[in-house]
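Reading through the structure tokens given below for one structure.
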Amino acid sequence: FKTEVVFDHINKLDLSARYRPAVTRYTAADSAFVEHLVGMAVWYSPSRHFNIALDADTVFGSDVDVLVLQGLATWRPQL
């Protein structure tokens, strides 16, 4: 199950959010538990030649707590 919502404003800004639950079962464990992933992404293009993208995800549950951040800046010179 994955949900993604995207907002687009005049092709210069794109925002998205996501949520993904996952049931995890270990062979040695008696019961299962749920891990949750929550994330978001932002893409912004202030001009034709420059883009910025940021992405963040966090995963949490009874045996995991992770935060992942990544960013990208792209410059496309006019040729």
Discussion item. Please say yes or no: joined through hydrophobic side-chain contacts below 4.5 Å, possibly via intermediate residues, are L72 and Y44 part of one cluster?
Written reply: no
Fill in: Euclidean distance, W43 CH2 relative to T74 OG1, rounded to 0.5 Å
9.5 Å
Discussion item. Give me the atom names and distance for the closest heavy-atom approach of S45 to N51.
Written reply: OG-OD1, 2.9 Å
Worksheet item: Got a sec, which pairs hit side-chain hydrogen bond (donor to acceptor under 3.5 Å, both in side chains) with one end in residues 30-39, sequence neighbours left out?
Response: Y19-H36
Fill in: Minimum heavy-atom distance between A32 and R25, given as atom pair plus value
CB-CG, 3.3 Å
Worksheet item: Can you tell which of V38, V66, L67 makes a side-chain contact (heavy atoms from CB on, under 4.5 Å) with F60?
Response: V38
Practice prompt. Mind running salt bridge (charged side-chain N to carboxylate O under 4.0 Å, His left out) on R20 and D57 for me, showing each step along the way?
Written response: CA-CA 11 Å; R20 182 180 54 97; D57 286 320; over 6 Å; no
Practice prompt. Report yes or no: do V68 and L54 belong to one cluster of Ile/Leu/Val/Met/Phe/Trp/Tyr joined by side chain heavy-atom distances under 4.5 Å?
Written response: no
Item to complete: Look at atom CZ of R48 and say whether more than 12 heavy atoms of other residues, nucleotides or ligands are closer to it than 6.0 Å.
Response: no
Discussion item. Within the structure provided, determine whether Y26 and F33 are in side-chain contact (heavy-atom separation under 4.5 Å).
Written reply: yes
Discussion item. Between M40 and R18, does the side-chain contact (heavy atoms from CB on, under 4.5 Å) criterion hold? Intermediate values first, please.
Written reply: CA-CA 6 Å; M40 66 169 289; R18 57 192 165 271; 5.7 Å; no
Discussion item. A side-chain contact here means heavy atoms from C-beta on lying under 4.5 Å apart; do D63 and T24 qualify?
Written reply: no
